[in-house]
Amino acid sequence: MGKNILVTGGSRGIGAAVVRLLATRGDRVCLNYRSDQAAAQALADELNAAGADVFTVQADVAVEADVLRLFARLDERWSALDGLVNNAGILHTKSRLTGIDAERMAEVLATNVVGTLVCAREAVLRMSTARGGAGGGIVNVSSSAARLGGPNEYIDYAASKGAVDTLTIGLASEVADEGIRVNAVRPGLIYTDIHASGGEPGRVDRLKSVVPMQRGGSAEEVAEAIAWLLSDQSSYTTGTCLDVSGGR
Ligand code: NAP
């Protein structure tokens, strides 16, 4: 029997691969996106035409009112929420710290950290067995940057992902006896549009020689790890950060 799962930032890249994998294995999926309505709807339409159950909701995870509206939509549609993939994340153009202003720092932290925390809070409120829920799973999408620090590129982004690792560990402990498992994946260099946002669409190919496996990864490879952490097959795994990074 499939689960009811919310994927934030599901219109492109890793999030879209997660939506596709979960939907095709029989889960019901809420595909959240921020701005690319056409891409989100096209993916949902394609999957629904093949028998899946996917619906889209626009919401900016950095805006608390948007997140509350998003979860209200879930409440209307589903009697229970079983899983959350906190995937939405942003980075800005490559820069040393001396070129990064506070506005950019705040924007990165608002999406990557506050957005993750607020979505996790709303999921816990619905899934916790201490609150009448049936339990569930949360997977946060961190980054290898949390370990590597992002020097000369985006330490603001790397720091935000360090926070994602830390909140994963803390929340996992906090809700472990309430039927909720909380884990993170740390993707390495993955072929998606996010590198163009950082001003370098070819970044993965430039850096792939530093990866022990000598290649970048695909969004589908990350999606497999996320799907496993959400599944009952990982039932004794919580509070862990799983590297999906070719050994780097
Ligand atoms: P991407 O291709 O740039 O896609 C980002 C997705 O997040 C889009 O669907 C976008 O929606 C959505 N999004 C962005 N800000 C949002 C917000 N405030 N509210 C709701 N949705 C928002 O990125 P990606 O590479 O797939 O990255 C996904 C996650 O993996 C991120 O957390 C990223 O930090 C992490 N990651 C990626 C890599 C990599 O190499 N690609 C490595 C490590 C970690 P719209 O299109 O509608 O704006």
Side-chain angles (χ1 to χ4, degrees), residues 6-20 29-44 56-67 69-71 84-93 106-119 139-150 153-154 156-165 167-168 184-208 211 215-223 225-226 241-246 248:
L6 166 62
V7 180
T8 67
S11 57
R12 287 186 279 125
I14 292 168
V18 173
V19 170
R20 185 180 293 279
V29 181
C30 174
L31 186 173
N32 155 255
Y33 66 98
R34 179 186 51 184
S35 53
D36 196 344
Q37 200 265 339
Q41 198 55 52
L43 178 57
T56 64
V57 179
Q58 188 284 330
D60 182 339
V61 299
V63 177
E64 186 174 26
D66 275 23
V67 175
R69 177 173 51 76
L70 166 62
F71 277 81
L84 163 67
V85 181
N86 262 322
N87 167 78
I90 56 166
L91 56 69
H92 284 289
T93 318
E107 191 189 338
V108 169
L109 294 172
T111 300
N112 298 3
V113 183
V114 179
T116 297
L117 282 165
V118 173
C119 287
V139 179
N140 299 320
V141 182
S142 174
S143 171
S144 300
R147 290 183 286 101
L148 300 170
E153 292 194 310
Y154 24 65
D156 53 345
Y157 170 82
S160 77
K161 295 301 189 176
V164 169
D165 285 4
L167 73 88
T168 298
V185 294
R186 284 192 293 233
L189 291 162
I190 310 298
Y191 290 99
T192 73
D193 294 346
I194 204 168
H195 306 289
S197 314
E200 191 186 357
R203 180 169 176 269
V204 176
D205 284 330
R206 175 175 63 85
L207 290 172
K208 66 184 180 188
V211 177
R215 67 170 178 88
S218 70
E220 289 72 25
E221 290 175 302
V222 181
I226 292 170
C241 300
L242 176 60
D243 291 306
V244 185
S245 54
R248 178 172 181 243

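Counting convention: from 1, in listed order, for ligands and their atoms alike. Just so it is clear, the values below take in all heavy atoms, side chains as well, and ignore hydrogens, waters and symmetry mates. Note that the structure is predicted; figures quoted are calculated from it, not measured. For reference, positions follow the sequence shown, starting with 1.
Looking only at protein heavy atoms, the nearest one to atom 48 (O) of ligand 1 is S35 OG, 2.8 Å.
Atoms of ligand 1 found under 4.0 Å from any heavy atom of I14, numbered from 1 in the order shown, are 26 (O), 30 (O), 37 (C). Contact atoms of ligand 1 toward I90: 14 (C), 15 (N) (distance under 4.0 Å to a heavy atom of the residue). For ligand 1, the atoms sitting less than 4.0 Å from at least one non-hydrogen atom of V141 are 29 (C), 30 (O), 32 (O), 35 (C), numbered in the order shown with element in parentheses. For ligand 1, the atoms lying closer than 4.0 Å to a non-hydrogen atom of S11 are 8 (C), 9 (O), 11 (O), 45 (P), 46 (O), 47 (O). Below 4.0 Å from some heavy atom of D193 lie the following atoms of ligand 1, by number and element: 2 (O). Near N32, the atoms of ligand 1 lying under 4.0 angstrom from a non-hydrogen atom of the residue are 20 (C), 21 (N). Short contacts between ligand 1 and A59, defined as distances under 4.0 Å to a heavy atom of the residue, involve ligand atoms 19 (N), 20 (C). Applying the 4.0 Å criterion to heavy atoms of D36 picks out, from ligand 1, the atoms 45 (P), 46 (O), 47 (O).
Where the criterion is an N or O separation shorter than 3.5 Å, residue side chain and backbone included, Y33 fails it with respect to ligand 1. In terms of polar-atom proximity, defined here as any N/O pair under 3.5 Å, S143 makes no such contact with ligand 1. Residue G15 has no nitrogen or oxygen atom sitting less than 3.5 Å from a nitrogen or oxygen atom of ligand 1, judged on distance alone. Between S197 and ligand 1, not a single N/O pair is under 3.5 Å apart.
In this structure, CZ in R203 is found 9.5 Å from CD1 in I194, a value given to the nearest 0.5 Å. Rounding to the nearest 0.5 Å places CG of L91 at 8.5 Å from OG of S160. Note that CD of Q58 is 8.0 Å distant from OG of S35, once rounded to the nearest 0.5 Å. One finds the CD atom of E220 at 13.0 Å from the OH atom of Y191 (value rounded to the nearest 0.5 Å). From S218, atom OG reaches atom CD1 of I14 across 9.5 Å, with rounding to the nearest 0.5 Å. In this structure, L84 CG and C30 SG are separated by 10.0 Å, a value rounded to the nearest 0.5 Å.
Under a 4.0 angstrom heavy-atom cut-off, Q37 registers as lying outside contact with ligand 1. Using a non-hydrogen distance threshold of 4.0 Å, D60 registers as a contact of ligand 1. The closest approach between any non-hydrogen atom of Y157 and ligand 1 is below 4.0 Å. For the ligand labelled ligand 1, residue H195 lies inside the 4.0 Å heavy-atom shell. The shortest separation from a heavy atom of A219 to ligand 1 is not under 4.0 Å, leaving the residue out of contact.
For V67 against C119, the heavy-atom pair with the smallest separation is CG1-SG, 3.9 Å. In plain terms, the two heavy atoms of G15 and V7 that are nearest each other are O-CG1, 3.8 Å.
A donor-acceptor contact closer than 3.5 angstrom links the side chains of T168 and N140.
Of the listed options G89, S142, C119, A110, S142 places a heavy atom closest to atom 44 (C) of ligand 1. Considering G188, A196, A88, G216 only, the shortest heavy-atom separation from atom 21 (N) of ligand 1 involves A88. Of all the listed residues (T116, N140, N87), N87 holds the heavy atom that lies closest to atom 28 (C) of ligand 1.
N87 has its side chain out of reach of V18: every pair of non-hydrogen atoms, C-beta onward, lies at least 4.5 Å apart. A heavy-atom distance below 4.5 Å is found between the side chains of I90 and N112. For the pair C241/R147, no side-chain contact is recorded, criterion being any heavy-atom separation below 4.5 Å from C-beta on.
With salt bridges taken as basic N to acidic carboxylate O contacts below 4.0 Å, one links D243 and R186.
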